[in-house]
6 protein chains.
Amino acid sequence: MLNKNIETFLGCDSNYQEAKAVVFGAPFDSTTSFRPGTRFASKTMRGDSDGLETYSPYQDKDLADINVFDGGDLELCFGDTKKALGQIEAFTAQILGDNKLPVMIGGEHLVTLGAVRAVFRKHPDLHVVHFDAHADLRDDYLGATLSHATVLHRVWDLVGDDRIFQFGIRSGDRSEFRWGKEHVVTRKFDFQGLEEVVEKLKGKPVYFTLDLDVLDPSVFPGTGTPEPGGVSFMQLLDAIRSVSRLSIVGCDINELSPVYDHSGVSTAVACKVLRELLLAVVK
Amino acid sequence: MLNKNIETFLGCDSNYQEAKAVVFGAPFDSTTSFRPGTRFASKTMRGDSDGLETYSPYQDKDLADINVFDGGDLELCFGDTKKALGQIEAFTAQILGDNKLPVMIGGEHLVTLGAVRAVFRKHPDLHVVHFDAHADLRDDYLGATLSHATVLHRVWDLVGDDRIFQFGIRSGDRSEFRWGKEHVVTRKFDFQGLEEVVEKLKGKPVYFTLDLDVLDPSVFPGTGTPEPGGVSFMQLLDAIRSVSRLSIVGCDINELSPVYDHSGVSTAVACKVLRELLLAVVK
Amino acid sequence: MLNKNIETFLGCDSNYQEAKAVVFGAPFDSTTSFRPGTRFASKTMRGDSDGLETYSPYQDKDLADINVFDGGDLELCFGDTKKALGQIEAFTAQILGDNKLPVMIGGEHLVTLGAVRAVFRKHPDLHVVHFDAHADLRDDYLGATLSHATVLHRVWDLVGDDRIFQFGIRSGDRSEFRWGKEHVVTRKFDFQGLEEVVEKLKGKPVYFTLDLDVLDPSVFPGTGTPEPGGVSFMQLLDAIRSVSRLSIVGCDINELSPVYDHSGVSTAVACKVLRELLLAVVK
Amino acid sequence: MLNKNIETFLGCDSNYQEAKAVVFGAPFDSTTSFRPGTRFASKTMRGDSDGLETYSPYQDKDLADINVFDGGDLELCFGDTKKALGQIEAFTAQILGDNKLPVMIGGEHLVTLGAVRAVFRKHPDLHVVHFDAHADLRDDYLGATLSHATVLHRVWDLVGDDRIFQFGIRSGDRSEFRWGKEHVVTRKFDFQGLEEVVEKLKGKPVYFTLDLDVLDPSVFPGTGTPEPGGVSFMQLLDAIRSVSRLSIVGCDINELSPVYDHSGVSTAVACKVLRELLLAVVK
Amino acid sequence: MLNKNIETFLGCDSNYQEAKAVVFGAPFDSTTSFRPGTRFASKTMRGDSDGLETYSPYQDKDLADINVFDGGDLELCFGDTKKALGQIEAFTAQILGDNKLPVMIGGEHLVTLGAVRAVFRKHPDLHVVHFDAHADLRDDYLGATLSHATVLHRVWDLVGDDRIFQFGIRSGDRSEFRWGKEHVVTRKFDFQGLEEVVEKLKGKPVYFTLDLDVLDPSVFPGTGTPEPGGVSFMQLLDAIRSVSRLSIVGCDINELSPVYDHSGVSTAVACKVLRELLLAVVK
Amino acid sequence: MLNKNIETFLGCDSNYQEAKAVVFGAPFDSTTSFRPGTRFASKTMRGDSDGLETYSPYQDKDLADINVFDGGDLELCFGDTKKALGQIEAFTAQILGDNKLPVMIGGEHLVTLGAVRAVFRKHPDLHVVHFDAHADLRDDYLGATLSHATVLHRVWDLVGDDRIFQFGIRSGDRSEFRWGKEHVVTRKFDFQGLEEVVEKLKGKPVYFTLDLDVLDPSVFPGTGTPEPGGVSFMQLLDAIRSVSRLSIVGCDINELSPVYDHSGVSTAVACKVLRELLLAVVK
């Protein structure tokens with residue numbers, strides 16, 4: 001008697017009931033305006049995570065020691081953005097309802113909105129820490145209000161002023177930066193000031209959204225809109241460990257596009273970032 | 001005094017007023033469910049059409065002898081399918097209003113719906129000739145009624161029974177084929193029967209939609225959903241020449257995805273097909 | 001309560017008990033002498049089979065109507081060929097012991113030996129039908145007797161003279177062809193003579209091994225040793241349907257190397273071939 | 001005591017003195033106007049010819065039985081076309097002076113001119129058989145008289161009217177085809193009429209130049225200017241065997257561009273074509 | 001009434017008359033000795049510059065606020081180096097004659113010679129600032145005096161001793177470095193000493209030539225001769241801003257080869273460098 | 001009279017007798033468990049080393065001034081690990097017997113074991129300096145004791161405790177790190193402490209094995225198991241120069257996989273590292 005073929009992200013082989021965190025994929029990129037392909041991120045990461053160890057010499061921790069469940073990928077409707085966001089919100093709400101931590105793999109950055117909606121309903125005092133190359137603060141983009149380029153503005157619609165803290169931002173139009181100055185806290189180019197933010201937000205519920213294009217394209221070429229001048233892998237690991245001192249009530253990593261990752265190096269980076277993130281935030 | 005840089009598809013350098021046909025790009029692929037990337041087709045074709053001659057030894061005709069205007073690419077809204085289709089419909093209507101032939105470069109196959117809507121308003125007796133690997137006859141796909149997989153069903157909503165003639169179909173689910181048997185004329189695998197259809201439709205207004213994945217993937221690998229077992233390039237050229245004996249009132253080619261065309265061969269095929277199509281239908 | 005992420009080849013979602021056939025992967029390519037990478041075939045096929053329909057317009061059959069179980073991939077020892085073959089043999093024997101049909105996805109062609117050993121023990125009167133570009137009849141290769149280049153010679157060690165029927169062969173050294181003339185039946189270049197062989201072998205237990213490089217590299221570039229001059233996709237489908245009239249007691253497809261399949265077209269071909277094979281031989 | 005590392009095309013390991021034919025590379029592509037890269041053809045072919053057998057089941061002959069010397073690659077001056085052609089001419093003359101057959105691997109098609117100049121000096125009654133997708137009959141191209149697009153016109157300058165026989169031509173501008181009608185024999189699209197030409201040229205000295213883009217791009221994507229609608233691999237093999245019945249006094253294959261051959265299939269085709277060519281013409 | 005399709009580099013949509021600077025492409029790489037492909041740089045950059053913002057958070061400036069005209073690509077003669085350089089010189093002279101700043105996109109580095117010749121005629125006191133991985137100081141290369149490897153030596157022929165200032169150089173043969181010591185100022189590996197040079201050259205007319213391979217290949221893999229050990233993107237931005245304090249009378253960026261830029265990251269880098277360069281030098 | 005085509009790594013054109021060092025390739029990757037392809041490293045490096053200069057501006061030395069012989073590639077048996085290691089050991093022993101320095105190009109890391117066995121027989125007091133991302137200290141891997149993942153454990157079987165000094169290690173399972181603490185000296189992440197080790201080992205015979213994946217994947221993507229977080233190219237050059245102060249009696253570089261190096265940058269890095277290594281250790 002044999003079992004069906006199960007495929008999970010490295011080391012995320014816990015049962016649902018005993019799991020503290022739930023990893024799942026949100027393969028959606030319909031609003032991506034430049035180069036699509038992030039829909040393949042979660043699937044490719046599961047496959048390539050084989051090449052990784054469960055043990056982290058950075059944190060001296062092992063995925064074998066924590067309980068994470070991999071719920072697979074949502075089957076999202078392409079071309080109907082509202083419906084897709086609704087599916088993400090509902091799934092996240094289910095995980096939260098079972099008192100587990102949702103850890104979403106995008107997809108384009110807009111998927112964050114679905115998850116944040118569910119988390120915000122549970123935690124009305126929600127704060128957001130946002131690593132990204134792009135401000136994503138437009139109010140609309142080519143006429144669409146639901147877009148990868150507007151997602152943090154839509155999150156602001158929910159959480160309001162002074163609740164969003166952005167780091168690593170190095171691209172946007174002039175008006176975004178101006179609007180941002182009045183409504184969110186933006187740190188351009190790197191993670192300077194992160195420690196102060198972490199001190200300030202201690203004890204408050206925090207959603208952490210990590211657009212992997214905050215990394216320099218030399219480290220992470222496989223993304224839709226590469227922006228030279230980003231942070232290094234070691235800088236990102238340090239920043240993740242800082243963030244993990246907060247009360248993370250939901251998180252995601254997004255914008256890996258395997259289509260532009262011919263060498264597989266970007267996927268390897270994304271897998272290691274997810275391993276380190278899980279080891280840091282699942283307690 | 002220098003002029004701004006103008007970039008057109010090979011030989012399509014007529015002014016708008018004197019043009020008989022208008023080529024334009026509809027770079028949209030938000031509903032693509034498997035592998036996206038057709039948004040880059042028109043742009044890549046313009047660039048690579050340089051490598052082609054304007055003269056066709058197949059038809060002994062030359063693009064230099066006909067007047068075609070290249071209107072560039074529409075700037076379509078990603079993620080909002082209805083809005084994008086509206087933009088395509090409006091632009092097509094403008095071309096038709098000026099009594100020129102619209103020749104659209106997709107994009108995913110759903111863009112055809114926008115163009116057909118405009119053409120149908122002008123020609124209520126419209127018939128449709130459809131070359132494709134896929135039946136595209138679903139009524140909905142993962143809950144979406146506007147999808148690359150439903151586009152011919154949506155066209156049927158407009159034109160009704162026995163107005164759609166499909167050739168080369170070799171993929172679909174069982175229910176699509178069953179539904180199709182009652183409402184459209186489907187020729188599986190190749191172009192057999194095309195001559196009879198051409199005879200029958202003579203004098204009637206015909207929209208011709210050409211999904212390039214009707215070609216075998218050996219000839220045309222650069223597409224979202226490659227389906228082995230397709231027709232050859234020479235078979236397609238012959239079929240286009242047959243179709244050109246009809247009263248074509250609108251046409252498109254679609255589903256080139258340059259992202260999966262590493263050798264550039266698929267783009268070369270698409271360019272040559274467009275050259276042959278223009279030489280055949282612009283009179 | 002959620003279930004773990006299950007990933008199977010398209011439509012092969014039966015439980016083990018009710019299954020008539022068992023698909024499994026043998027990701028091994030240690031003896032590949034030119035270009036490795038077939039180890040990734042089964043995994044990539046599972047992922048990309050999403051893009052395919054379960055319904056075949058060629059056979060008017062649907063995978064939804066037959067019971068196939070996907071047992072996942074064996075975890076084989078790289079670099080120790082004997083051990084790996086032993087693992088394959090044991091797993092195949094288990095499937096046969098439960099009276100199910102083993103359908104193996106290679107891997108390099110040597111994996112066939114492991115499966116044939118198990119099948120031969122159950123069916124000592126075993127015959128072998130072999131589609132391939134290469135004769136694979138060497139007695140040793142660079143000193144190794146267990147090699148992708150010797151696998152049919154090793155199979156002959158078991159089954160003996162006049163039990164092996166090769167089709168499509170277009171590469172080998174002169175001595176292989178000479179040796180072959182005395183011990184096996186070889187049809188060079190295509191499938192001519194297959195019908196006679198099928199007639200002759202009716203009722204006898206047959207193992208069917210399909211090296212996908214029998215296809216022309218235009219159709220199937222993603223393989224270790226491409227050999228121009230091969231058969232077309234439609235010729236192969238026809239031949240598979242002929243073979244399916246035999247009493248197939250085991251079968252495999254092998255030598256897809258996704259590493260050399262940048263467009264994904266070879267994987268699409270392999271998936272469709274497997275669908276057609278399953279629909280033809282699982283009764 | 002060890003020897004330096006020698007690298008030759010498969011089976012071309014004869015010493016110079018005993019060799020009947022000399023293979024050499026002319027890695028030059030400075031005049032290529034669309035996509036360069038043919039400079040890497042000879043080197044890549046030497047490396048990948050490892051994956052091939054010396055034995056041909058098509059001709060039942062073996063490279064082990066004929067004496068061919070591989071002279072390596074000429075070190076040609078990029079950007080100075082005249083100088084490069086001079087180097088090719090001098091090297092070819094040396095081979096001819098030693099009564100051996102020159103077999104050149106291009107490079108772009110212009111390299112043929114260098115070789116033909118040397119051959120023509122030895123054989124003033126020279127005829128030329130030319131397989132190609134492109135007519136290459138322009139008198140100048142963007143102001144250059146020495147260009148891949150003018151090479152057969154330059155050859156005509158030497159040999160004169162009715163000495164050049166072209167097959168497979170499917171691209172050119174209108175004026176080229178018109179000029180060609182008066183000065184050369186052109187067979188469009190395929191090899192029809194080749195047998196008659198072979199009969200006619202029997203006993204006369206013939207230079208055979210084979211632009212590999214005569215093959216369909218599905219078979220041979222790795223070339224600078226792919227032209228859909230070409231011949232198949234088997235058609236080309238047949239045509240080569242026809243040509244080999246002539247008195248070949250020099251030959252070349254050209255226009256493989258490994259840069260656009262991601263799967264390696266085009267290189268495999270080029271290697272096999274060269275093997276078959278050598279087996280056919282070296283007596 | 002519609003307009004023809006205009007395609008310019010991001011934000012360079014000024015009319016010629018009101019423009020202060022003219023961007024144009026010099027798609028030439030005939031003398032490239034290792035890996036060609038820079039001919040596609042300007043075209044690819046125009047297409048991909050879509051993915052970029054016009055606003056620079058580094059300089060807090062916006063391309064929307066300056067007037068730059070994009071003159072498209074010169075149609076250069078491949079294979080005739082002298083003629084191509086003449087075309088570049090003539091076009092540059094025209095721009096200078098209209099008192100606009102020429103900003104050329106190569107092509108291989110030799111194109112700089114054409115532009116410098118025109119600029120030098122107008123500014124006989126010309127100095128040259130040169131960022132590069134390669135010294136490019138050979139007197140001839142494989143017999144050619146006009147070559148990417150000799151271009152700065154040719155520039156020295158014009159401007160003479162102590163007028164050329166090189167930074168980032170990390171490759172060359174021994175004799176080049178020796179010759180350089182006596183005739184030019186060379187800073188190996190990085191930009192140390194640039195500030196002093198800027199101070200010294202203040203007020204003098206300066207041509208700035210930027211070979212993008214000065215960047216480390218991790219940042220900029222898409223180039224003909226990658227040289228590990230280069231500068232970072234941020235180091236380059238800083239150096240460009242230093243240089244912009246000089247009286248730049250002409251400039252170019254060169255050596256992007258999109259053929260080797262599968263991920264598109266190198267093109268993204270080149271586009272951003274050009275944006276920053278324009279924002280810094282166009283006043 | 002012409003000579004056969006000789007192909008060597010850049011500048012390694014000495015005769016065997018006068019050579020002080022012998023470069024050779026060990027193209028073997030049968031035990032690679034994740035992504036194979038290192039078998040192509042030595043061949044690809046020879047070909048691409050053309051693009052490099054023999055002169056090093058880092059060390060102000062020139063390959064033209066030292067005598068290195070390139071012995072080509074061993075023809076190793078794939079799939080029979082023991083036999084392959086025996087071939088490597090025998091060849092290394094021959095070089096050592098002639099009092100020359102063996103410099104091996106892998107292949108996967110396991111090839112080091114073959115070379116170390118020969119060196120250890122000559123130098124029983126052997127110490128090993130090991131740069132790598134991976135500890136490679138497992139005792140067995142999926143049941144195999146001879147594996148890329150166990151190679152340093154097998155080396156320890158020979159040389160014993162406190163003879164192995166590892167640097168740059170950032171991946172392994174927890175038990176490897178624990179075992180390593182008792183038997184070898186491991187420096188995680190970078191080269192800190194290298195100077196002390198060099199001081200300590202002065203005068204002792206040292207084998208230096210350099211797994212190129214110690215470099216960050218941004219610098220060196222073309223490897224089987226990329227591990228983000230590695231050292232920079234300049235850090236590695238510095239470390240090599242430190243190591244070169246020791247009595248190096250054998251060395252290797254390994255784990256370049258050209259299959260995953262689409263841009264060619266990794267091969268360029270490997271070539272330059274080998275040039276610097278040769279210039280540093282051949283005296």
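These numbers come from the heavy atoms of this one structure, side chains and all, not from hydrogens, waters or symmetry mates. Naming convention: chains lettered A, B, ... in sequence-line order (proteins, then strands); numbering from 1 in each chain. In this text the structure is predicted, and so the values were computed from the model without any measurement.
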Top contributor to chain B contacts, counting heavy-atom pairs under 4.5 Å, from Arg174(D), Lys188(D), Glu176(D), His262(D): Arg174(D)

Minimal heavy-atom distance between Pro228(D) and Ala268(B), with the atoms involved, is CG-O, 4.2 Å

Rounded to the nearest 0.5 Å, what's the gap from CZ on Phe177(D) to CG on Asp60(B)? Could you check? 9.5 Å

When rounded to the nearest 0.5 Å, the distance separating CG of Asp50(B) from OG of Ser33(D) is 9.5 Å

Given a strict heavy-atom distance threshold of 4.5 Å, which part of [X] is in contact with chain D: side chain, backbone, both, or neither?
X         : answer
Asp216(B) : neither
Asp261(B) : neither
Phe220(B) : neither
Ser218(B) : both
Tyr55(B)  : both

For the backbone of Glu227(D) and the side chain of Lys272(B), can you confirm whether one donor and one acceptor N or O come within less than 3.5 Å of each other? no

Should Arg170(D) and Glu276(B) count as an ion pair when the cut-off is N to O under 4.0 Å? no

Any Tyr260(D) side-chain heavy atom under 4.5 Å of Val265(B) side chain: no

NZ (Lys283(B)) with more than 12 external heavy atoms under 6.0 Å: yes

